[in-house]
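To start, the structure itself, in structure tokens.
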Amino acid sequence: MSSNEQTFIAIKPDGVQRGLIGPIIQRFEQRGFKLAAIKLVTASKEHLETHYADLAGKPFFPGLVAYMASGPICAMVWEGRDAVKTGRTLLGATNPLASQPGTIRGDFAIDVGRNVCHGSDAVESAQKEIALWFKPEELQSWKQSQHDWVYEK
Ligand code: GDP
Ligand code: MG
């Protein structure tokens, strides 16, 4: 399994407002994942409608777009072995009340409509989301000095 799988992780406006950028980044860093891109961005409604296009028919869709457009988002790309699935595990369940303690949502959130973070749900959607949120030149390719201490091979 490749150690350069990438996933799109975002700290939503509530997470930014609540001062959770540091604690959320820390969980990915301390697990051993590598940060490949990061920026603070206030997304337009059109951008968010594209990002969440598969949810367009849901009753909560307008509220979701308004929530996500309500302030800056910390958009990131994290890289590492099984980064997409493990990223979702670090986030916890979509509904924070169903999230295990020790996960980000399980430790920092209550309502599904204020669940502080986003993570890609599959390698293919990760690639689409990274291309939607970042220009290729915004992605850094670098060797982490700890690489050989995190990975056996
Ligand atoms: P995720 O991949 O775990 O973020 O979940 P989904 O892709 O299913 O939904 C995207 C986002 O929409 C979630 O993270 C929530 O912020 C929001 N959402 C999902 N389901 C509901 C719901 O039933 N009510 C509300 N208000 N928001 C929801
Ligand atoms: Mg999703």
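As the structure lists them, so they are numbered: ligands from 1, and atoms in each ligand from 1. What you see is a predicted model, and the numbers here were worked out from it, not measured in a lab.
- Listed by number with element, the atoms of ligand 1 under 4.0 Å from a non-hydrogen atom of Y52 are 10 (C).
- In this structure, K128 does not pair ionically with D54, as no charged nitrogen and carboxylate oxygen lie closer than 4.0 Å.
- Both M76 and F108 are assigned to one and the same hydrophobic cluster, defined by single-linkage of ILVMFWY side chains at heavy-atom distances under 4.5 Å.
- Ranking protein heavy atoms by distance to atom 4 (O) of ligand 1, first place goes to R105 NH2, 3.3 Å.
- Judged by distance alone, with hydrogens and angles left aside, the side-chain atoms of S125 form a donor-acceptor pair with the main-chain N or O of A122 at under 3.5 Å.
- The distance criterion of under 3.5 Å between nitrogen or oxygen atoms is not met by Y67 with respect to ligand 1.
- The protein atom (non-hydrogen) at minimum distance from atom 22 (C) of ligand 1 is F60 CD2, 3.4 Å.
- Counting non-hydrogen atoms of other residues, nucleotides and ligands closer than 6.0 Å to CD of Q100 gives a total of 12 or fewer.
- Residue K12 places at least one N or O, backbone or side chain, under 3.5 Å from an N or O of ligand 1.
- For W78 and F28, the distance between ring centers is under 6.0 angstrom.
- Nearest protein neighbour of atom 3 (O) of ligand 1, counting heavy atoms only, is T94 OG1, 2.5 Å.
- Across V116, V112, D54, D14, heavy-atom proximity to atom 15 (C) of ligand 1 is greatest for V112.
- R27 and D107 are joined by a salt bridge, as a carboxylate oxygen and a charged side-chain nitrogen come within less than 4.0 angstrom of each other.
- Look at E5 and R81 and you find no salt bridge, because none of the NZ, NE, NH1 or NH2 atoms lies under 4.0 Å from a carboxylate O.
- When heavy-atom distances to ligand 1 are checked against a 4.0 Å cut-off, L55 comes that close only through its side chain, counted from C-beta outward.
- Given atom 2 (O) of ligand 1, the protein heavy atom at minimum distance is R88 NH1, 2.6 Å.
- Residue-level proximity to ligand 1 for L64 is carried by the side chain, the only part with a heavy atom below 4.0 angstrom.
- When atom types are taken as modelled, the side chain of K39 and the backbone of W133 share a donor-acceptor pair closer than 3.5 angstrom.
- Of the protein's non-hydrogen atoms, N115 ND2, 3.6 Å is the one closest to atom 13 (C) of ligand 1.
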